[in-house]
Student: 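Pasting a structure here, questions to come.
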Amino acid sequence: SGCTSLEQVLINSNSNEGITVGIEAFNGCKNLKELNFWNRIKEIHMSAFAQCISLENLTFSNNLTQIGHRAFKGCEGLLTVELPDSVTYMGEEIFAQCSNLVSCRLPNNPAFTELEYGVFYFCFDLKSIEIPDYIEIIGNSCFANTGLETVDLKNVKQIKRNAFFSTKLKEVTLPDKLEVLEPIAFNACSDLIRFYGHSSFNPNTGKEFSDYLIYKDPVYSDELHPERTVYKILCVAGGINEFTFPNNIEVIGEYAFWGCNNLLELKVPSSVKKLENNAFYACNRLESISLPTTITFLPQYVVGFCYNL
């Protein structure tokens with residue numbers, strides 16, 4: 001690692017035996033452009049090619065089975081990646097901060113079911129990607145701060161915190177199999193105006209759409225109204241210009257309005273009885289907010305960084 005003058009690595013052998021690239025093997029080799037054994041690599045360990053900023057296009061053979069944490073993190077020159085279906089494991093932050101990455105073909109393998117933490121975060125030029133059929137979990141910050149404009153979530157069951165934070169998504173269709181949707185999953189998406197599908201999180205289904213997501217919260221059901229479900233606003237689309245609260249909402253969730261920078265005014269209805277931390281965080285243009293008397297406690301940073309209030 002750290003061989004800044006190294007430009008190529010050649011292995012002269014007729015053997016087809018798989019090669020393992022060890023931890024930080026080429027980390028920081030900023031001028032490395034060529035390896036003649038990509039098709040023989042079977043495992044890439046942690047940070048093996050991190051900060052190799054001269055790598056541009058990667059194609060692997062079906063020998064490849066595992067890619068460790070941060071394997072290609074910070075490879076700013078990387079443009080395209082083709083991963084074979086033989087891959088069964090991809091670690092955290094593998095392509096994080098590959099700011100010029102425009103395409104990545106992900107493996108479609110029944111054993112590969114999760115995109116882990118920060119795999120593509122800060123890949124600014126990544127505008128689209130195909131989620132494989134077998135992926136069930138989108139990890140924390142997986143696509144955060146990317147240029148992602150469209151995504152088909154197919155068979156995804158869990159979307160973790162910050163998964164699509166600050167992307168360029170305009171519309172989101174929640175998959176029918178979705179079971180878990182964590183806070184801040186779609187917040188600060190300044191172009192996002194609507195959500196489609198899935199009655200558990202969306203008040204409208206089918207072809208109807210909504211500009212917010214809800215959550216039927218059993219915790220608050222016990223605390224406030226043991227006899228019935230309490231609805232909480234989980235996320236509001238960041239690109240909307242105005243927002244009307246539904247009558248059945250009793251809780252405004254953590255960071256629910258984060259990044260709704262086009263909103264100038266909000267009138268919270270009397271049905272709302274509780275605000276969670278940072279509920280209206282970073283609504284930069286918000287000038288006024290009317291709260292009902294049913295709210296008796298203002299939590300941490302509830303209007304934090306709302307500079308125009």
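Every heavy atom of this structure was used, including side-chain atoms; hydrogens, water molecules and symmetry mates were not.
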Student: Identify whether the distance between the nearest side-chain nitrogen and carboxylate oxygen of Lys168 and Glu149 falls below 4.0 Å.
Tutor: no
Student: Regarding Glu7 and Lys33, does a basic nitrogen lie under 4.0 Å from an acidic carboxylate oxygen?
Tutor: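 Looking at Lys33 together with Glu7, the answer is no, because their closest N to O distance does not fall below 4.0 Å.
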Student: How long is the gap from CD1 on Ile19 to CD1 on Ile44, to the nearest 0.5 Å?
Tutor: 11.0 Å
Student: Could you tell me the separation between the CG atom of Leu64 and the NZ atom of Lys42, rounded to the nearest 0.5 Å?
Tutor: 11.5 Å
Student: Decide yes or no for Val268 and Phe280: does some side-chain heavy atom of the first lie under 4.5 Å from some side-chain heavy atom of the second?
Tutor: yes
Student: Hey, any chance Ile131 and Phe195 share a hydrophobic cluster, counting ILVMFWY side chains that come within less than 4.5 Å of each other, even indirectly?
Tutor: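 Yes: a chain of side-chain contacts under 4.5 Å links Ile131 to Phe195.
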Student: Please name the pair of heavy atoms, one in Val272 and one in Pro292, separated by the smallest distance, quoted to 0.1 Å.
Tutor: O-CG, 3.9 Å
Student: Would you say that more than 12 heavy atoms from the other residues, nucleotides or ligands in this model lie under 6.0 Å from the CG of Asp191, or not?
Tutor: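 Atom CG in Asp191 is packed in, count exceeds 12.
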Student: Using a 4.5 Å cut-off on heavy atoms from C-beta on, say whether the side chain of Phe72 contacts that of Leu58.
Tutor: yes
Student: Just how far is it from atom SG of Cys98 to atom CG of Leu78, taken to the nearest 0.5 Å?
Tutor: 5.0 Å
Student: Could you list who else is in Phe122's hydrophobic cluster, with ILVMFWY side chains joined at under 4.5 Å, directly or through other members?
Tutor: Tyr117, Tyr121, Phe124
Student: Are Phe37 and Leu10 joined in one hydrophobic group, where the rule is that I, L, V, M, F, W and Y side chains link up if heavy atoms are under 4.5 Å apart?
Tutor: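 No; tracing contacts between hydrophobic side chains, which count when under 4.5 Å, never links both residues.
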Student: Decide, yes or no, whether a salt bridge links Glu130 with Lys154 under the criterion of side-chain N to carboxylate O below 4.0 Å.
Tutor: yes
Student: Is a side-chain donor-acceptor pair under 3.5 Å present for Asn57 with Thr80?
Tutor: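 Looking only at side-chain atoms, Asn57 and Thr80 do form a donor-acceptor pair, the distance falling under 3.5 Å.
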Student: Report yes or no: do Leu266 and Leu291 belong to one cluster of Ile/Leu/Val/Met/Phe/Trp/Tyr joined by side chain heavy-atom distances under 4.5 Å?
Tutor: yes
Student: Going by side chain to side chain contact (heavy atoms under 4.5 Å, CB included), Glu43 matches just one of Asn63, Thr65, Val21. Which one?
Tutor: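 Result for side chain to side chain contact (heavy atoms under 4.5 Å, CB included) with Glu43: Thr65.
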Student: Do Ile295 and Phe243 belong to the same hydrophobic cluster, where Ile, Leu, Val, Met, Phe, Trp and Tyr are linked whenever their side-chain heavy atoms lie under 4.5 Å apart, directly or via other members?
Tutor: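 Linked, Ile295 and Phe243 end up in one cluster.
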Student: Supply the atom-to-atom distance Leu55 CG to Glu34 CD, rounded to the nearest 0.5 angstrom.
Tutor: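 If I round to the nearest 0.5 Å, the distance is 11.0 Å.
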Student: Could you check if a side-chain atom of Thr167 sits within less than 4.5 angstrom of a side-chain atom of Cys189, using non-hydrogen atoms only?
Tutor: yes
Student: Just so I know, are the side chains of Ser210 and Leu213 near enough to count as touching, which here means a heavy-atom distance under 4.5 Å?
Tutor: no
Student: Taking all non-hydrogen atoms of both residues, which atom of Asp211 and which atom of Glu242 are closest, and how far apart?
Tutor: OD2-O, 4.2 Å
Student: At their closest point, which heavy atom of Gly91 faces which heavy atom of His69, and how far apart are they?
Tutor: CA-ND1, 3.4 Å
Student: Is there side-chain contact between Val151 and Phe164, with at least one heavy-atom pair below 4.5 Å?
Tutor: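 A side-chain contact exists here, since the closest heavy-atom pair is under 4.5 Å.
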Student: Drop me the distance from Glu116's CD to Lys160's NZ, to the nearest 0.5 angstrom.
Tutor: 9.5 Å
Student: Quick check: is Ile289 connected to Ile240 through a chain of hydrophobic side chains (ILVMFWY, heavy atoms under 4.5 Å apart)?
Tutor: yes
Student: Indicate yes or no: at least one non-hydrogen side-chain atom of Pro183 is less than 4.5 angstrom from one of Glu276.
Tutor: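 No, too far: nothing below the 4.5 Å cut-off.
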Student: When the ring planes of Trp38 and Phe60 are compared, do they come out parallel, tilted or perpendicular, using 30° and 60° as the limits?
Tutor: perpendicular
Student: Verify side chain to side chain contact (heavy atoms under 4.5 Å, CB included) between Glu136 and Glu114, making sure each step is shown before the conclusion.
Tutor: CA-CA 6 Å; Glu136 297 182 351; Glu114 179 176 1; over 6 Å; no
Student: Under 4.5 Å between any side-chain heavy atoms of Ile11 and Arg40, yes or no?
Tutor: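 A side-chain contact exists here, since the closest heavy-atom pair is under 4.5 Å.
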Student: Looking only at heavy atoms, which two atoms of Leu32 and Cys52 are closest? And how far apart?
Tutor: CD2-SG, 4.3 Å
Student: Could you walk me through whether Arg105 and Asp85 pass the side chain to side chain contact (heavy atoms under 4.5 Å, CB included) check?
Tutor: CA-CA 10 Å; Arg105 192 269 182 190; Asp85 291 340; 2.6 Å; yes
Student: Linking Ile, Leu, Val, Met, Phe, Trp and Tyr through side-chain heavy atoms less than 4.5 Å apart, which residues share a cluster with Tyr255?
Tutor: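 Under the 4.5 Å side-chain rule, Tyr255 groups with Phe165, Ile184, Trp258, Tyr281, Tyr301, Phe305, Tyr307.
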Student: How long is the span from the NZ atom in Lys177 to the CG atom in Asn155, to the nearest 0.5 Å?
Tutor: 4.0 Å
Student: Would you confirm whether the ring centroid of Phe245 sits within less than 6.0 angstrom of the ring centroid of Tyr231?
Tutor: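 So the answer is no for these two rings.
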Student: Does Leu181 reach the side chain of Ile159, with side-chain heavy atoms less than 4.5 Å apart?
Tutor: yes
Student: Which pair of non-hydrogen atoms, one from Pro246 and one from Tyr212, has the smallest distance, and what is that distance?
Tutor: CG-OH, 3.3 Å
Student: Determine whether more than 12 heavy atoms belonging to other residues, nucleotides or ligands lie under 6.0 Å from atom CD of Gln8.
Tutor: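 Result for CD/Gln8: enclosed.
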Student: Crowded around Asn247 CG? As in, over 12 foreign heavy atoms under 6.0 Å?
Tutor: no
Student: If you compare all heavy atoms of Ala279 against all heavy atoms of Ile252, which two are closest, and at what distance to 0.1 Å?
Tutor: CB-CG2, 3.9 Å
Student: State which residues pass ring pair (Phe, Tyr, Trp, His ring centres under 6.0 Å) with Phe120; sequence neighbours excluded, sorted by chain then number.
Tutor: Phe95, Phe143
Student: For a side chain to side chain contact (heavy atoms under 4.5 Å, CB included) check, start with the C-alpha distance between Phe257 and Leu286, then their side-chain angles and the critical distance, and finish with the verdict.
Tutor: CA-CA 11 Å; Phe257 284 82; Leu286 190 63; over 6 Å; no
